[in-house]
2 protein chains.
Amino acid sequence: MTNVKIAEIAALLGDPGRAAMLTALMDGRALPASELASLAGVMPQTASGHLAQLVAGRLLIAEPQGRNRYYRLASSQVAQTIEALMVLAGDGASRGTRVPKELREARTCYDHLGGRLAVALADKLQDRGFLVLTEEAGEVTPKGRDFLAELGVTLASAKKRQRALCRACLDWSERRPHIAGLLGTALLNRSLELRWIARAAESRAVTITPRGRRAFAETFGIRF
Amino acid sequence: MTNVKIAEIAALLGDPGRAAMLTALMDGRALPASELASLAGVMPQTASGHLAQLVAGRLLIAEPQGRNRYYRLASSQVAQTIEALMVLAGDGASRGTRVPKELREARTCYDHLGGRLAVALADKLQDRGFLVLTEEAGEVTPKGRDFLAELGVTLASAKKRQRALCRACLDWSERRPHIAGLLGTALLNRSLELRWIARAAESRAVTITPRGRRAFAETFGIRF
DNA sequence: TGAATGTTTCGGCCCCGACCGAAATTTCGT
DNA sequence: ACGAAATTTCGGTCGGGGCCGAAACATTCA
């Protein structure tokens with residue numbers, strides 16, 4: 001039955017060490033085994049075993065580079081599954097573990113933005129009629145396309161694109177939708193290019209630069 | 001850390017017995033403990049333990065009714081997580097377990113339709129301009145609203161609705177999107193009302209009645 | 001070629017959790 | 001009130017899997 005395969009995959013996600021590795025890779029980057037080991041808080045041998053399982057289970061892809069092996073998430077569907085689990089984990093977390101402030105403020109969510117900033121961005125784009133976004137779905141309006149082009153955010157217009165142009169992703173800390181899909185990726189990349197935000201060194205957290213703070217206020221009316 | 005909570009929840013999904021119970025509840029119904037026990041293939045005591053864990057983990061809700069206790073999924077987010085896992089499980093299943101034909105044809109997916117019928121429905125509604133639906137997102141057009149109203153499918157128009165009006169759900173057997181959200185639920189319910197489809201007794205499969213076969217052909221141009 | 005670094009394999013320990021039998025508990029029907 | 005049915009609790013067994021130490025393997029650099 002399919003149930004068994006589901007259980008197998010869920011079991012892979014069900015170990016604290018492996019879960020730590022996977023969430024560390026949620027920003028889409030690839031990390032070497034040793035780093036994942038220390039993130040998971042286990043010895044390298046143990047981590048190696050975990051990583052082998054995750055690769056065998058098609059959750060990770062390994063890319064040898066020199067004497068390191070870099071691991072990254074196998075697909076955006078893996079990221080979506082982890083995201084779904086984060087939402088569930090957040091449910092009970094009202095009374096429970098606290099989410100670090102920086103992560104709640106702004107972070108990467110696989111290949112797009114998450115956190116308060118991302119939710120605000122989604123809200124403002126809707127308010128101005130650039131985006132239609134119900135709780136979990138979305139579409140860019142023609143007016144929105146112009147606005148985004150002016151920002152320097154260009155979107156592939158091909159009809160037969162593989163990925164969704166714009167997808168809503170339920171933010172696990174804010175419990176409100178933010179923007180994923182091609183548009184989400186484009187917004188993240190453009191914001192990085194313009195130095196409105198910068199990736200933190202050791203976490204998925206993203207810091208808003210002073211310039212970014214100004215820009216988000218002027219361009220979108222977002223104030224923190 | 002949040003990782004730990006993720007792992008806890010994933011571990012709950014990571015047991016074959018519990019996974020079987022959860023997938024059995026994916027159609028949104030509530031089932032008594034004894035039935036879930038036999039579905040999972042374990043003794044009632046064992047099932048009782050599993051169910052207690054699932055309730056404690058907020059994945060299930062128990063409703064005592066007489067001397068039975070009925071269990072159902074705690075939220076649509078739980079269903080979404082399981083659906084995401086099914087997609088991952090399906091990835092490797094190209095060479096692996098076969099999906100029963102009836103399930104691939106048409107089935108319930110928590111509170112909406114899944115399978116070939118559902119994917120065809122989504123396609124046809126798009127072709128006619130009643131729906132905008134990129135790979136993972138969607139919105140109903142005004143024209144579509146009229147068409148649906150004529151079918152007898154009425155949608156709450158409240159701006160502040162809790163659930164998404166229309167959401168795309170990646171079909172795990174077809175690997176293409178079908179319609180979820182309020183619209184998905186409404187379409188399922190109306191199709192049942194009109195006796196176009198009927199629930200199978202012991203599975204999530206749905207059978208298309210002769211009347212339904214005619215109606216889907218006439219109304220949507222869907223032929224099997 | 002030899003040392004250093006990153007990663008994997010092997011072997012053994014140990015704990016957690018799934019499982020079932022037996023029995024207690026709750027609720028319904030009569 | 002009593003027996004039947006559904007469920008839960010308790011106690012004990014057992015297997016799978018995570019963990020680490022030691023050592024082997026791979027790759028880079030001097």
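Proteins come first, then strands; the chains are lettered A, B, ... in the order of their sequence lines, and each starts at number 1. Hydrogens, waters and symmetry mates play no part in the numbers below; they use all other heavy atoms, side chains included.
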| Quick one: do B:E63 and B:R69 make a salt bridge, cutoff under 4.0 Å? | no
| message | Testing the basics here: between B:L31 and B:E35, what is the closest heavy-atom pair and its distance to 0.1 Å? | response | CD2-OE2, 4.1 Å
| How far apart are the closest heavy atoms of B:V78 and B:R58, and which atoms are they? | CG2-O, 4.3 Å
| task | Would you indicate what B:P64 reaches in the nucleic acid, counting non-hydrogen atoms under 4.0 angstrom: base, sugar-phosphate, or nothing? | result | nothing
| query | Hey, does A:Y71 reach any base, or is it just sugar-phosphate, or nothing, if we go heavy atoms under 4.0 Å? | reply | sugar-phosphate
Using whole Å, report how far [atom1] of [X] lies from [atom2] of [N].
X     : N      : atom1 : atom2 : value
A:L31 : C:dG6  : CG    : P     : 15 Å
B:L51 : D:dA6  : CG    : P     : 15 Å
B:Y70 : D:dA5  : OH    : C1'   : 13 Å
A:Q45 : D:dC19 : CD    : P     : 11 Å
B:R67 : D:dC2  : CZ    : C1'   : 14 Å
B:L54 : D:dT7  : CG    : P     : 15 Å
A:L36 : C:dT8  : CG    : C1'   : 15 Å
B:R69 : D:dT7  : CZ    : P     : 9 Å

| said: Please enumerate all residues that pass side-chain hydrogen bond (donor to acceptor under 3.5 Å, both in side chains) together with A:T23, with sequence neighbours excluded. | reply: B:N3
| said: So, does A:N68 get its side chain near the phosphate of C:dT5, meaning an N or O under 4.0 Å from OP1 or OP2? | reply: no
| Taking only N and O in the side chain of A:S34, is any of them less than 4.0 Å away from OP1 or OP2 of C:dT7? | yes
| Expected output: side-chain A:R107 to main-chain A:G114 donor-acceptor under 3.5 Å | no
| task | Indicate yes or no for a side-chain donor-acceptor contact from B:R190 to the backbone of B:L151 under 3.5 Å, with no hydrogens or angles considered. | result | yes
| task | Determine the interplanar angle of the A:H112 and A:H178 rings, folded into 0 to 90°, and report it as parallel if under 30°, tilted if 30 to 60°, perpendicular if over 60°. | result | tilted
| request: On DNA chain D, check which nucleotide each of A:Q65 and A:G41 is closest to and give me the residue with the more 5' one. | output: A:G41
Write down the protein N/O and nucleotide N/O pairs, taken from nucleotides 15-19 of chain C, whose separation is under 3.5 Å; answer none if there are no such pairs.
from   : atom 1 : to    : atom 2 : distance (Å)
C:dA18 : OP1    : B:R18 : NH1    : 3.2
C:dA18 : OP1    : B:R18 : NH2    : 3.1
C:dA18 : OP2    : B:Q53 : NE2    : 3.2
C:dC19 : OP2    : B:H50 : NE2    : 2.6

